[in-house]
Peer 1: 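This is the structure, below, for whatever I ask next.
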Amino acid sequence: MSYIRVTVAALCCVVVVFGGLTLSSDAQLDTSFYKKSCPKVHSIVREVVRNVSKKDPRMLASLIRLHFHDCFVLGCDASILLNNTDTPTKIESEQQAFPNDNSIRGLDVVNQIKTAVENACPGIVSCADILTLAAEISSVLGGGPDWKVPLGRRDGLTANRTLANINLPSPFSGLDQLKTRFTAQGLNTTDLVALSGAHTFGRARCTFITNRLYNFSNSGKPDPTLDTTYLQQLRGECPNGGNGNNLVNFDLSTPDTIDNHYYSNLQVKKGLLQSDQELFSTTGADTISLVNAFASNQDAFFASFKTSMIKMGNIGVITGKNGEIRKQCNFINKKSAELDLASVVSKESSQEGIVSSF
């Protein structure tokens with residue numbers, strides 16, 4: 001993908017394929033969608049995210065990741081926020097899919113935002129838009145680029161755990177697998193490299209790198225693409241047979257800041273996940289030149305990152321009269337009607353402090 005800014009109009013005709021299901025992002029999204037109906041929505045979202053990030057800087061990376069994991073399944077429809085329910089419609093939550101289970105964070109933060117937004121503008125702003133805004137605001141608060149977020153998404157009425165297990169990239173993926181996952185969403189190689197740059201901040205669990213450190217591809221040896229000094233450091237943080245839930249920084253020097261260090265780390269064999277290092281260490285790969293370009297020019301990375309985030313945020317969106325505006329982000333409205341919303345406690349992952357890979 002070139003560095004040409006992708007406009008909303010250009011994205012409106014994108015057709016995206018989700019595991020055999022074709023969805024069109026023929027969306028009437030507009031950066032000024034809430035100008036009259038909820039003019040302070042951006043500042044409301046920002047205030048909640050800013051306050052949370054003061055106590056938990058990792059939450060910024062977690063909210064971007066939550067948005068990513070939402071968009072890659074049924075489109076950017078807030079399906080990842082839905083809890084398991086049996087009535088009135090059976091929903092198997094995506095939160096228990098392998099890439100998400102005991103891993104995703106920020107569900108309670110989204111609910112905090114939703115409560116604040118509902119107090120100001122009841123029944124107006126979707127959970128899908130809240131999550132998309134939270135991702136952009138997290139980029140800014142983390143020192144990364146800002147962009148005008150196209151808005152007007154509506155919330156989906158179901159979730160798909162099976163599709164989450166299929167569509168979401170794995171930290172153990174090779175480059176061909178990564179490209180396949182991104183192509184299925186209408187995203188290209190530059191989108192892959194730019195969006196992977198979100199791993200410039202945040203943490204990963206030891207369980208996702210243990211094989212690289214001790215038994216890569218069942219060889220009984222470490223991954224040869226790991227710098228030997230970095231290998232020893234990681235082994236100190238993730239001992240063989242140790243607690244797989246221990247956390248490791250993605251970036252050695254600026255773990256809570258969005259910058260281009262992710263790419264310079266790849267150049268010296270210090271990518272944390274296998275899926276990270278694959279972008280640079282796969283022989284003859286077309287991703288290598290992009291890694292080099294972003295490593296040498298942070299402005300180029302920021303330009304591509306925000307373009308790709310806008311593009312990803314337009315995957316399979318629901319607009320118009322389709323879907324709904326959820327009253328509570330964890331339940332469709334028919335389920336919310338069965339519940340006393342005042343007693344609904346926002347439910348975070350059972351292991352709130354755990355963050356995994358992508």
Side-chain angles (χ1 to χ4, degrees), residues 1-27 29 64-65 67-76 99 132 135-136 139 144-145 147-150 163 166-171 173-200 258 260 262-263 266-267 271 273-317 357-358:
M1 181 182 71
S2 68
Y3 300 145
I4 299 174
R5 187 182 304 274
V6 179
T7 64
V8 177
L11 291 168
C12 287
C13 58
V14 174
V15 174
V16 186
V17 179
F18 300 90
L21 175 65
T22 302
L23 296 174
S24 172
S25 61
D26 184 18
L29 300 184
I64 291 177
R65 180 173 179 264
H67 178 49
F68 179 100
H69 280 221
D70 180 43
C71 293
F72 261 57
V73 181
L74 292 169
C76 306
T132 308
E136 185 270 341
S139 171
W147 58 91
K148 292 184 177 181
V149 179
L163 204 57
I166 294 171
N167 284 11
L168 291 170
S170 163
S173 293
L175 183 58
D176 287 344
Q177 293 172 306
L178 292 171
K179 285 187 173 183
T180 297
R181 297 289 188 274
F182 275 70
T183 299
Q185 310 305 324
L187 301 173
N188 61 29
T189 298
T190 301
D191 298 321
L192 164 61
V193 179
L195 292 172
S196 294
H199 283 179
T200 186
I258 295 182
N260 65 339
Y262 170 80
Y263 302 101
L266 298 184
Q267 291 176 320
L273 304 178
Q274 177 186 346
S275 57
D276 293 324
Q277 195 60 50
E278 289 279 340
L279 301 179
F280 188 77
S281 294
T282 302
T283 303
D286 54 356
T287 52
I288 296 173
S289 61
L290 290 165
V291 170
N292 288 334
F294 294 158
S296 63
N297 188 335
Q298 182 166 282
D299 289 341
F301 163 49
F302 280 5
S304 286
F305 182 74
K306 64 184 181 181
T307 293
S308 295
M309 285 292 288
I310 293 172
K311 188 175 179 181
M312 183 183 74
N314 283 268
I315 294 174
V317 297
S357 58
F358 242 99

Peer 1: Please identify each residue that fulfils ring pair (Phe, Tyr, Trp, His ring centres under 6.0 Å) with Y262, with sequence neighbours left out.
Peer 2: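 Y262 satisfies ring pair (Phe, Tyr, Trp, His ring centres under 6.0 Å) with no residue once adjacent residues are dropped.
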Peer 1: I need the L195 CG to L178 CG distance, nearest 0.5 Å.
Peer 2: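 It is 12.0 Å, given to the nearest 0.5 Å.
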Peer 1: Would you call S139 and F302 a side-chain contact if the rule is heavy atoms closer than 4.5 Å?
Peer 2: no
Peer 1: Once rounded to the nearest 0.5 Å, what's the spacing between atom OG1 of T180 and atom CG of L175?
Peer 2: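 Output value for this atom pair is 9.5 Å.
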Peer 1: Crowded around D176 CG? As in, over 12 foreign heavy atoms under 6.0 Å?
Peer 2: no
Peer 1: Please find the pair of heavy atoms, one from G313 and one from H67, that lie closest to each other, and give the distance.
Peer 2: CA-NE2, 4.0 Å
Peer 1: I'd like to know if the side chain of E278 and the backbone of G174 have a donor-acceptor N/O pair within less than 3.5 Å.
Peer 2: no
Peer 1: Angle class for the Y263/F294 ring planes (parallel below 30°, perpendicular above 60°, tilted otherwise)?
Peer 2: perpendicular
Peer 1: Do you know which two heavy atoms are closest between S275 and S170, and how far apart they sit?
Peer 2: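 Distance-wise, the nearest heavy atoms are CB-O, 3.7 Å.
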Peer 1: Which heavy atom of K306 sits nearest a heavy atom of P145, and at what distance?
Peer 2: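 In this case the closest contact between K306 and P145 is CD-CB, 4.2 Å.
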Peer 1: Atom CG of D276 and atom CG of L266: how far apart are they, to the nearest 0.5 Å?
Peer 2: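 Answer for the CG-CG pair, D276 versus L266, is 6.0 Å.
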Peer 1: Atom CD1 of I288 and atom OG1 of T283: how far apart are they, to the nearest 0.5 Å?
Peer 2: 7.0 Å
Peer 1: For A135 and M309, work out which heavy atoms get closest and say how close.
Peer 2: CB-CE, 4.1 Å
Peer 1: Distance check, rounded to the nearest 0.5 Å: D299 atom CG versus S304 atom OG?
Peer 2: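 The distance works out to 11.0 Å.
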Peer 1: Could you tell me whether the side chain of E136 and the main chain of W147 form a donor-acceptor pair under 3.5 Å?
Peer 2: yes
Peer 1: Test I315 against L187 for side chain to side chain contact (heavy atoms under 4.5 Å, CB included), laying out the working first.
Peer 2: CA-CA 9 Å; I315 294 174; L187 301 173; 4.2 Å; yes
Peer 1: Any idea which heavy atoms bring L273 and P171 closest together, and the distance?
Peer 2: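 For L273 and P171, the tightest heavy-atom pair comes out as CD1-CB, 3.9 Å.
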Peer 1: When you measure from the side chain of T200 to the backbone of I258, do you find a donor-acceptor pair of N or O atoms at a distance under 3.5 Å?
Peer 2: no
Peer 1: Hey, does the side chain of T282 reach the backbone of L279 with a donor-acceptor pair shorter than 3.5 angstrom?
Peer 2: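 No; zero donor-acceptor contacts below 3.5 Å.
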Peer 1: Working note: K311 + T190, criterion side chain to side chain contact (heavy atoms under 4.5 Å, CB included); need CA distance, chi angles, decisive distance, verdict.
Peer 2: CA-CA 12 Å; K311 188 175 179 181; T190 301; over 6 Å; no
Peer 1: Does some side-chain heavy atom of H69 sit less than 4.5 Å from a side-chain heavy atom of P99?
Peer 2: yes
Peer 1: Report the distance from atom CE of M312 to atom CD1 of I310, rounding to the nearest 0.5 Å.
Peer 2: 11.0 Å
Peer 1: To check you understand the geometry: which heavy-atom pair defines the closest contact between N260 and S296, and what is its length?
Peer 2: ND2-N, 4.4 Å
Peer 1: For the pair F301 and F305, name the ring-plane relationship: parallel under 30°, tilted 30 to 60°, perpendicular over 60°.
Peer 2: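 Ring orientation, 0 to 90° scale: tilted.
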